[in-house]
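Written out below as structure tokens is the structure these notes cover.
All chains are named by letter (A, B, ...) in the order of the sequence lines, taking the proteins before the strands, and each is independently numbered beginning at 1.
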Amino acid sequence: MTDSERILTVLNLKTYFGTPEGIVRAVDDVSFHLDRGEVLALVGESGCGKSVTAHSILGLIKAPPAKVAGRIVFGGQDLIGLPEREYRQVRGKQISMIFQEPMSAFDPLYTVGQQLMEVAKAHMPWEESEARERIIDTLKSIHIPEPEKRYDEYPHEMSGGMLQRIMIAMALITSPDIIIADEPTTALDVTIQAQVLNLMQNLQSSYRGSIIFITHDLGTVAEIADRVHVMYAGKIVEKASVVELFDNPLHPYTSGLLTSRVRREYKGQDLPYIEGYVPRAYEFPEGCRFHPRCPKAMEKCKAARPPEFEPAPDHTVACWLFEEGEGR
Amino acid sequence: MKILSIRNLKKYFPIRSGVFLQVSGWVRALENVNMDISQGETIGIVGESGCGKSTLGRTMVKIYEPTVGSITYCDPSGEIHDVSRNIDRRVEPTFRKDVQMIFQNPFDSLDPRMTIRDTIREPLETHRLFASRKMMDERIAELLMKVGLYPEYAQRYPHEFSGGQRQRIAIARSISVNPRLLICDEPTSALDVSVQSQIINLLKDIQRDTNMSLIFISHNLDVVHHMSDRIMVMYLGNVVESAPATELFDHPAHPYTQALMSAIPSWNPKDRKLGQVKLEGEPPSPINPPTGCPFHPRCPHRLEICRRVKPEAAEVGEGHSSACHLHSV
Amino acid sequence: MEGTTARIIKSFRKHKLGVFGLVVLAVLYLVILFAGFIAPYDFTQSHRNFVYAPSSKIRFVDENGKWRGPFICAMKKSRDPVTYQVVFAEDTSSVVPIKLFVRGEEYKVWGLLKTNLHLFGVEELPDRAMLLLFGADRFGRDLFSRVVVGGQVSMTVGLLGTFLSVFIGAIVGSLSGYYGGWVDVLIQRFIELLRSFPRIPLWLALAVTLPPSWPSTWVYFGIVTVLSLIGWMGVARVMRGMALSLREKEFVLAARVTGVPSMKIITRHLIPNTLSYLIVVSTLSIPGMILGESAISFLGLGIKEPMTSWGLLLKQAQSLSELESHPWLMIPGIFIMIAVLSYNFVGDALRDAVDPYRTVDKV
């Protein structure tokens, strides 16, 4: 990975919210980077901070009551503290986003063409006719049937799967460096999910940017990601390449997630599972945040937060089991 | 003993418009569904959104009235009653006690203004199962423990609980009256991955203890396979295939079932398979279903006849039926 | 749900205008609760020496520059030799001190106890000097006392009327939404029909049906009924919408599946879950009721003498010439405005406080 170009570096990102229940440390000291052309998956369950991380990168967190600290380095500048006017140049043009609910991401009062045009005009120096041509080309490139007809249709005339693909097209119009896809297939049926994932995979060959793929579903991660970061309760607990993570999960949470998959072999037996529940954001436990649910918890885990250890090259894990000399 | 039998069940929802709500069309949610459920058995119903699986579940518990067809219910004494239309006043309490349901969204299925105790007490009160309030409270404590929660939780409100805990409370409510049939409508799909398995295990445990029958509705093939003895695959309101769970997975006969299975992610980054999924297009609208076989517009193996004639279910193995013209070619 | 209630209160307290409105309303209701005691005079008693007298000047220092505490001067009535208009002049040599807890005209406390104790007033006989905070009307009745007593009608009509209309609206609306089908169509069309009549003429038409021979308390309840017969429709419509969405909620389905009877579902699940909405809508519809009563009374079809209300008091201010020479007759209008605004402020604050998008836990 020597010739890879680093396009995004997130350093010690902290996003806190003040709520009536107390301070919510939704993202707590998260660092990672993204190279050009790769698909990085952020995996975790509800409330783990994966979406908040994405929104922080896009500057969509309203401060106050929220507080965003740390550094988000993109294109040589730190995005944190960037004035809203300049942020708008980045957001939507250089970093674009695909949302989970395609139905609510489009305005029902305008045709999808008008909405795509709006994005194109806001960021690209195109004339109306040229923009239309480019939009239709983009729709064609992701195999949307009858793109000219789709252009003049309203969101409610399309299915969720079709809209999700149009949202992907919308994210692609400006040829962004990064596309952040927040659970893009969760609301879709399995067969449609397969189509959309397929599309995103094919996209990679033609499109030179990178994708941050946010999901709770390890199954889709296996299909699409190059590298995986597993998040739990506002922290990244494990970072590895996708193959390494599935072959050799180190963090007890990761292996718990992998084994709680419903396999055909388990029929007639109890399914393996992780004890307990995902803690709520204002009551994250002290020490390692996973320790109350961890089958391998030690005294140390209750007291101190584990730093990142690197037991194998390019494979880090935040767990005391892998402290020097203790690793397997 | 069959608890419920369903014959030629159809459910069409009227689309109404105009000042006096004239019917201007129909959503054909269920077409000719047949099904029998025996004591202790689990039937899985699988399909994509809009295939009618939830409508089927809701029609069985009479949240919806069937448009055509019959539902017969066999009470504990072995008497058979027709419950398709208005249920006989004498039968209704037994039926309502015997057939319970749990729902998909644990954030929606508990009344936010009622404590857990009041929530679980409601069915007990309705069916006057206990003479005294004290006995009722004891039963509530016992139920909470059975579903893996602390009895002290009874005085709390739903908003204090996580999704998984709420689903446990919903289960406690539904089993409080000792039903013989529990219909589970996507009970795990709104839950976190790590919590899903807990709920599945809990349902299985309860079933083992009580010999209750389950109808397990889900879009997740793996989960349905794990839960069920028999699986029905639905598409656009039709049951396209029905077989014992293992048989269905080993020998899927209907092209739609095959497509569904191929779309399950591999969980193996070295063997990615979604690129091989052949299924095109999306399910058509149930307002204007295609003629002939409902699956023909998307089917990779479609024949000329599929466009014109709707295939009947045909036996393709023991207890394995599939509605596809390919089997008769 | 103590948690939610606490949050609503906390959020309400942040709304400055809402808190202000609440304080004003509390003061107003306290005043009308003790109206007879706070009013310095009997509100029906006429004083022929003080017909259309302007409000008295409250002084502290007498002619000789001596501090005397709060006092008023006696009035001398005369006629303008040119216009023949009555003019009032102060007899600045007289000192009539204002005192707390004075004995004055008799009244009944809540219709039971007879007493003549007033919170404040002057001990002088009302044919020589009167403490007129807002001036007097054409029968020489103290307008302040009349405003205070009139508030009893105006401020409670809205409360009662709203209670009744929200009650009817909540029940009709939830039946309509919960049962749906023909019940719903019938109720909705009926509501549309009623609502297509212009509001004020309908009020008047209904008010005319109240027999003129009725005693004033009956008329009062008649007015309440008239107001709520029209007011329930808006509540019913929104309630229907909420019932429609609530009946699809899984907790309602779960209750149905268990065999809980429909009426019980409505009272146990539907109505409690719309309670916060109902409270907000009540608060916001009280001003309409207050204005409605004023309008009816202003047009002479509502509350009748000897009872009084702010609307009825305003009736005296109907002609421009009256207003020009006796501008203080407009004062009851100011009270209507204050009450209406306060209710609107409180309603707005409540609505913001219970707004689920702001109070729901976001995590």
(request) Could you look at Phe246(A) and say if it's the side chain, the backbone, both or neither that has a heavy atom under 4.5 Å from chain B? (result) side chain

(request) For residues His226(B) and Tyr266(A), report the shortest heavy-atom separation together with the two atoms involved. (result) CE1-O, 3.3 Å

(message) If we ignore hydrogens and angles and just use 3.5 Å, is the side chain of Ser197(B) paired with the main-chain N or O of Ser260(A) as donor and acceptor?
(response) yes

(message) Only heavy atoms, only distances under 4.5 angstrom. Which residues in residues 213-223 of chain A are near chain B?
(response) His216(A), Asp217(A), Leu218(A), Gly219(A), Thr220(A), Val221(A), Ala222(A), Glu223(A)

(message) Tell me whether Ile15(B) at atom CD1 has more than 12 heavy atoms from other residues, nucleotides or ligands lying less than 6.0 Å away.
(response) yes

(request) Examine whether an atom of Asp205(B) lies under 4.5 Å from a heavy atom of chain A, and if so say whether it belongs to the side chain, the backbone or both; otherwise answer neither. (result) side chain

(request) Applying side chain to side chain donor-acceptor pair (under 3.5 Å), name anything that partners His315(A), two or more places apart in sequence or on another chain. (result) Glu238(A), Glu244(A)

(message) So, using side chain to side chain contact (heavy atoms under 4.5 Å, CB included) as the criterion, who are the partners of Pro102(A) when residues are at least two apart?
(response) Leu163(A), Gln164(A), Met167(A)

(message) Counting only non-hydrogen atoms closer than 4.5 Å, can you tell me which residues of residues 242-254 of chain B sit against chain A?
(response) Ala245(B), Thr246(B), Phe249(B), Asp250(B)

(message) Using side-chain heavy atoms (C-beta onward) and a distance below 4.5 Å, is Arg272(B) in contact with Val242(A)?
(response) yes

(request) Select, from Val223(B), Asp192(B), Val193(B), Asp222(B), the one with the greatest count of heavy-atom pairs under 4.5 Å involving chain A. (result) Asp192(B)

(message) For Ser194(B) versus Ile274(A), what's the shortest heavy-atom pair and its separation?
(response) CB-CD1, 3.5 Å

(message) Determine whether Leu271(A) and Gln196(B) satisfy the following criterion, side-chain contact (heavy atoms from CB on, under 4.5 Å), listing intermediate values before the conclusion.
(response) CA-CA 10 Å; Leu271(A) 295 173; Gln196(B) 257 184 37; over 6 Å; no

(request) Of all the heavy-atom pairs spanning Arg293(A) and Val195(B), show the shortest one and how long it is. (result) NH2-CG2, 4.4 Å

(message) Please give me the minimum heavy-atom distance between Val243(A) and Pro269(B), naming the atom from each residue.
(response) CA-CG, 3.8 Å

(message) Quick check: closest heavy atoms across Arg280(A) and His159(B), and the distance to 0.1 Å?
(response) NH1-O, 3.2 Å

(request) Provide the closest heavy-atom pair for Gln193(A) versus Pro265(B) in the form atom of the first, atom of the second, distance. (result) NE2-CG, 3.9 Å

(request) Indicate yes or no: at least one non-hydrogen side-chain atom of Tyr277(A) is less than 4.5 angstrom from one of Gln198(B). (result) yes

(message) Is it the case that atom CD in Glu318(B) sees more than 12 heavy atoms from other parts of the structure closer than 6.0 Å?
(response) no

(request) Identify the residue among Leu202(B), Asn201(B), Ile200(B) that makes a side chain to side chain contact (heavy atoms under 4.5 Å, CB included) with Asp270(A). (result) Asn201(B)

